[in-house]
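Below, read A as the first sequence line, B as the second, and so on, with proteins coming before strands; counting in each chain starts at 1.
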Number of protein chains: 2
Amino acid sequence: MTTPSTSPSEREPRWLTAGEQLVWRSYLEAATLLEDHLDRQLQRDAGMPHMYYGLLVKLGESPRRRLRMTELARSAKITRSRLSHAVARLEKNGWVRREDCPSDKRGQFAVLTDEGVAVLERTAPGHVAAVRQAVFERLTPEQQESLGEIMRIVAEGLQPAGAGADLPWLR
Amino acid sequence: MTTPSTSPSEREPRWLTAGEQLVWRSYLEAATLLEDHLDRQLQRDAGMPHMYYGLLVKLGESPRRRLRMTELARSAKITRSRLSHAVARLEKNGWVRREDCPSDKRGQFAVLTDEGVAVLERTAPGHVAAVRQAVFERLTPEQQESLGEIMRIVAEGLQPAGAGADLPWLR
DNA sequence: GGTTGCTTCTTGAAGCTTCAACAAATGCGG
DNA sequence: CCGCATTTGTTGAAGCTTCAAGAAGCAACC
């Protein structure tokens, strides 16, 4: 990540400019700190990592509190394998239950249980407060909007592009 | 994360507004996709996860290619425990070596080896290209600057605040 | 000098993620 | 209806992270 002076003949790759490096470093630091912070917050207050909490939220927002595994994986931006392990754990906690799909015998629904709903209701306020305090309280409305737009662009660019081996929808 | 109507008496917690939710979702999606993308890229091309690559970079930038463990951990925003495991692995790869600190017998330096330098030189161009393509090529200069400022603010807010148990410098 | 408290770094176990491999069901083309 | 590629979801092993605990050196104090 060092910048080896100027590159006269274009044999040198295109490094990040000093400014870009600063941006990138800030991003990496903030992303690391933020994810760690929220992971700890949720591990402490809800007994699960951030990603698992996100899965419960998505199930809670879905029609009959259920989603096909593949759809949940797609929506959460994770592999099916990872989801499979995650749901196994959440099932052991009693927060999610699996149900067969009637129309496709391969299919499985992940269903948010009443206990799962209860955990969400109990822990959501604290989590929202943490997000608020870490992010939204510190940014102006313009910055918030800007952040949304920027991240939307980045996410979009990564969706159809990536060569994910187990993420077919990202191809 | 649902918004249960307005809250007349302030018994309801302060939920995220619809707009804030959109921003937050975009952030989470982009952060997940981006980290996965770079992790895969580096695992494939350099044989190590993104975080480990970052450690090598930091060592490479340091005076005698070395840093005290605690300082490296602080700079990378991770716990010393995590760093300890990471360096163990990097040492096994021959990319980093440990050295005792003469002035403090508890201390250890993590030192980037020549092999470590070689890996960096070989893989940095590809990694920079990936970052460029995923982030900088898609953003206007204004958006880049904005992103930098926003993430700097978020990171700053998380540094001195967090109640990290093993991250004393974050208190 | 000894005590007490702090800092540095490591360790092992438990939990989470990744990867490759797999079984089962689907569905399309002949 | 058969054959074959595709889709769905799971599994186990290996690697990474977290957490709590601990060994060892330092430093300040009396």
Search all heavy atoms of Lys58(B) against all heavy atoms of Ser75(B) and return the closest pair with its distance. CD-OG, 2.6 Å

Would the distance check show the side chain of Thr113(A) and the main-chain N or O of Arg97(A) forming a donor-acceptor pair, the cut-off being under 3.5 Å? no

Using whole Å, report how far CG of Asp39(A) lies from P of dT17(D). 12 Å

Figure out the CD1/P separation between Ile78(B) and dT10(C), and round it to whole Å. 12 Å

Is it the case that over 12 heavy atoms from other parts of the model lie below 6.0 angstrom from the CD atom of Glu91(B)? yes

Under 4.0 angstrom between Arg40(B) side-chain N/O and dC19(C) OP1 or OP2: yes

Please compare Ser103(B) and Met69(A) by the position of their nearest nucleotide in DNA chain D and report the one closer to 5'. Met69(A)

So which heavy atom on Pro49(B) is nearest to which on Arg89(B), and how close? CD-NH2, 4.0 Å

Cluster check Leu34(A), Ile153(B): I/L/V/M/F/W/Y, side chain < 4.5 angstrom: yes

Is any side-chain N or O of Arg98(A) closer than 4.0 Å to OP1 or OP2 of dT10(D)? yes

Select from Asp104(A) and Gln43(A) the residue whose nearest nucleotide in DNA chain C is closer to the 5' end of that strand. Gln43(A)

Which nucleotide wins on minimum distance to the side chain of Arg68(B), given the candidates dC9(C), dC19(D), dG9(D)? dC9(C)

Salt bridge (charged side-chain N to carboxylate O under 4.0 Å, His left out) contacts in which one or both residues fall within residues 120-137 of chain A, not counting sequence neighbours: Arg132(A)-Glu20(B)

Kindly give the atom pairs (protein nitrogen or oxygen, nucleotide nitrogen or oxygen) under 3.5 Å for nucleotides 12-14 of chain D.
from    : atom 1 : to       : atom 2 : distance (Å)
dG12(D) : O6     : His85(A) : NE2    : 2.8

Atom CE of Met51(B) and atom P of dC16(D) are separated, to the nearest Å, by 13 Å

Quick one: Glu35(B) CD to dT17(C) C1', roughly how many Å, whole number? 12 Å

Among dT8(C), dC19(D), dT17(C), which nucleotide sits nearest the side chain of Tyr52(A)? dT17(C)

Lys105(A) NZ to dT6(D) C1', straight-line distance once rounded to whole Å: 18 Å

Distance, rounded to the nearest Å, where Leu38(B) contributes CG and dC16(D) contributes C1': 17 Å

dT18(D) C1' sits how many Å from Arg44(A) CZ, rounded? 15 Å

Given atom CG of Asp36(A) and atom P of dT17(D), what is their separation to the nearest angstrom? 10 Å

If you check every side-chain atom of Gln108(A), which of dA25(C), dG9(D), dG25(D) has the closest atom? dG9(D)

Measure from the side-chain heavy atoms of Thr70(B) and tell me the nearest of dT10(D), dC19(D), dT8(C). dT8(C)

To the side chain of Arg106(B), which of dT10(D), dC16(C), dA24(D) is closest? dA24(D)

Whether Arg89(B) contacts dC16(D) is assessed here as follows: a side-chain N or O lying under 4.0 Å from the phosphate OP1 or OP2. Is that the case? yes

Would a single hydrophobic cluster contain both Leu22(B) and Leu147(A), if residues Ile, Leu, Val, Met, Phe, Trp and Tyr are joined by side-chain heavy-atom contacts under 4.5 Å? no

Mind checking ring pair (Phe, Tyr, Trp, His ring centres under 6.0 Å) for Tyr27(A) and listing every partner two or more places apart, or none if nothing turns up? Trp24(A)

